[in-house]
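Bear in mind the structure is a predicted one, so any value in this text is a computation, not a measurement.
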Amino acid sequence: MVETEAASSRPKGGIPRGLATDGPALLSYGFRPFFLGAGVYAVLAMGLWIAALTSGWEVGGTTYGPLNWHAHEMVFGYTTAALAGFMLTAIPNWTGRLPVSGLPLLALVLLWLAGRLAMLVPEALGPYLAAVVEAAFVPALAAIAGREIISGRNWKNLKILIALTVLGAVNIAFHTLVLTGGDPQYMFRAGISALVALIALVGGRIVPSFTRNWLNKAGASRVPAPFGSLDQAAVTVLVVALAAWTVFPETVPTALLATAAAVLQLWRVLRWRGHATLEEPLVAVLHVAYLFVPIGMAGVALAALGWLQAPSALHLLTVGAIGNMTLAVMTRATLGHTGRRLTASGWTSLAYLLVLVAAVIRPFAELLPDYYHLILEVSAGAWILAFSVFSVEYGRMLVMPRVGARAQPMASRAAAE
């Protein structure tokens with residue numbers, strides 16, 4: 001799936017991907033159960049949130065309440081499933097090691113599912129036990145990723161463990177604050193910041209890489225600019241700006257840092273020649289998703305100055321950057337790793353368009369308070385339709401064996417995908 005910096009460290013002859021052959025295809029590779037779980041849960045979680053708003057459903061119980069439940073589950077429920085599917089699929093490419101599959105993968109999936117149930121009705125287990133169960137998933141994922149990266153001596157990707165570790169610590173802090181009567185809003189911003197930083201780190205590699213491959217096949221003479229010192233500076237400024245937004249969301253220094261981050265990230269994505277990929281939505285959507293990073297940071301700057309409502313800026317990053325990028329990666333990875341052509345179908349393109357609609361109109365809910373609930377429902381409806389399309393179209397691919405049956409050597413398949 002990912003053209004990796006560690007390609008030279010792989011065994012020269014390549015090794016099989018380690019697809020499990022004595023169990024269901026769903027447990028043969030990390031992307032299968034987690035992408036399916038992410039797609040289905042994106043529909044269920046958003047549907048429950050709208051039901052809570054319109055019908056007063058007590059999602060999240062009395063411990064968390066609907067608002068905290070919604071914010072938590074979109075960041076630490078849906079997104080961590082998509083992240084797990086990506087990480088467990090990319091890491092074998094980075095390290096040359098066999099993927100996690102079979103019973104260990106099932107245990108990790110069940111841990112994620114247990115967290116979703118614990119958050120839905122925390123009083124059933126007791127709030128403290130529910131928090132422990134839910135908070136265990138990200139550290140477990142980080143431990144598995146760390147073991148694989150260290151065992152594969154893939155030192156360049158250790159920095160990704162920092163983001164995973166921060167995400168896990170933020171989730172624990174969220175539960176601690178809720179259970180002790182504190183304000184968890186800082187933790188929501190911290191969790192979003194960790195995910196946006198991951199998009200900058202990993203998306204900053206895969207977006208130009210996949211674009212370069214597609215442009216080369218199309219015979220284009222110009223390709224995305226390579227990673228350089230200015231890219232590193234752009235990522236550094238973004239991380240500092242996100243940290244400032246997390247702790248001091250309504251200050252002038254945060255506005256200045258966010259503006260600098262927006263400019264640098266916009267400069268970065270414009271160098272990747274996304275406009276040349278418009279005829280292939282599977283590639284173009286990656287650029288659209290990444291474009292919401294500078295758009296979101298511009299929103300953060302405006303909110304810090306009081307010129308935009310804070311939820312509007314926040315949703316530019318969550319629905320816009322995180323929602324679009326996770327859908328883009330899940331569709332591409334599923335097609336590539338199940339042996340299908342890397343091209344978007346009409347239904348896939350519709351799903352991309354629906355998430356884009358959800359991201360664009362969601363900030364207007366605060367800007368047009370008279371239409372708040374209508375805009376919220378339309379945005380949520382577009383999101384639900386998008387991930388319903390994904391779950392139906394890609395669910396079959398995720399539960400069925402790979403097209404072509406026989407496993408190929410890792411090195412040759414990574415090059416193809």
Side-chain angles (χ1 to χ4, degrees), residues 1-2 16-47 77-90 92-93 99-106 108-110 112-113 116 210 280-286 289 323-356 358 381-408 413-414 416-417:
M1 177 179 134
V2 177
R17 288 215 166 200
L19 300 178
T21 58
D22 57 351
L26 187 64
L27 296 177
S28 65
Y29 225 132
F31 74 92
R32 291 179 177 272
F34 279 113
F35 285 175
L36 182 58
V40 172
Y41 194 63
V43 174
L44 293 177
M46 191 63 73
Y78 159 73
T79 307
T80 57
L83 178 60
F86 170 79
M87 294 296 295
L88 295 175
T89 306
N93 279 342
V100 176
S101 62
L103 290 178
L105 177 58
L106 176 61
L108 194 60
V109 172
L110 291 177
W112 176 78
L113 285 171
R116 310 291 58 79
F210 290 151
E280 178 46 71
L282 196 71
V283 181
V285 70
L286 292 165
N324 278 287
M325 186 61 79
T326 49
L327 182 61
V329 169
M330 289 194 298
T331 50
R332 183 186 179 94
T334 300
L335 291 172
H337 285 283
T338 59
R340 290 166 172 83
R341 289 181 61 234
L342 289 176
T343 187
S345 69
W347 287 108
T348 299
S349 298
L350 175 61
Y352 295 157
L353 178 61
L354 286 167
V355 174
L356 178 59
W383 174 278
I384 288 170
L385 285 173
F387 284 95
S388 295
V389 169
F390 170 81
S391 299
V392 172
E393 182 180 14
Y394 287 81
R396 179 177 57 85
M397 304 179 200
L398 292 166
V399 301
M400 297 295 290
R402 175 185 166 88
V403 173
R406 193 171 296 180
Q408 303 173 24
R413 282 187 51 199
E417 296 173 5

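- In plain terms, the two heavy atoms of Leu398 and Leu36 that are nearest each other are CD1-N, 3.6 Å.
- Counting only heavy atoms from C-beta outward, the side chains of Tyr352 and Thr331 approach each other to under 4.5 Å.
- Here the closest heavy-atom approach between residue Trp112 and residue Gly37 is recorded as CH2-O, 3.6 Å.
- Residues Thr343 and Leu282 form no side-chain contact, since every pair of their non-hydrogen atoms from C-beta on lies 4.5 Å or further apart.
- In this structure, His337 and Tyr29 have tilted ring planes: the angle between them lies in the 30° to 60° band.
- Across Val355 and Ala386, no two heavy atoms sit closer than the pair CG2-CB, 3.4 Å.
- The nearest pair of heavy atoms linking Gly39 to Ser391 is C-OG, 3.2 Å.
- Between the CE atom of Met397 and the CZ atom of Phe31 there is a distance of 10.5 Å, given to the nearest 0.5 Å.
- One finds the CG atom of Leu105 at 8.0 Å from the CG atom of Leu26 (value rounded to the nearest 0.5 Å).
- For the ring pair (Phe, Tyr, Trp, His ring centres under 6.0 Å) with Tyr78, the lone residue among Tyr41, Trp383, Phe35, Phe34 that qualifies is Trp383.
- For the residue pair Thr338/Tyr394, the side-chain donor-acceptor check at 3.5 Å is not satisfied.
- In this structure, the separation between OG on Ser101 and CG on Leu106 is 11.0 Å, given to the nearest 0.5 Å.
- Between the side chain of Arg32 and the main chain of Met400, a donor-acceptor pair closer than 3.5 Å is present.
- The distance from atom CG of Leu286 to atom CG of Leu327, rounded to the nearest 0.5 Å, is 10.0 Å.
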Yes or no on side-chain contact (heavy atoms from CB on, under 4.5 Å) for Val283 and Arg332, after CA distance, side-chain angles and deciding distance? CA-CA 9 Å; Val283 181; Arg332 183 186 179 94; 4.1 Å; yes
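- The shortest heavy-atom contact between Thr89 and Pro92 is O-CD, 3.3 Å.
- In this structure, Phe390 and Phe387 have perpendicular ring planes: the angle between them is above 60°, well past the 30° mark.
- Here CE of Met330 is found 12.5 Å from CE of Met325. Values are rounded to the nearest 0.5 Å.
- More than 12 heavy-atom neighbours from other residues, nucleotides or ligands sit within 6.0 angstrom of CG on Leu110.
- The minimum heavy-atom distance between Ala328 and Val285, with the atom names listed, is CB-CG1, 3.6 Å.
- Interatomic distance, Leu108 CG to Leu27 CG, rounded to the nearest 0.5 Å: 11.0 Å.
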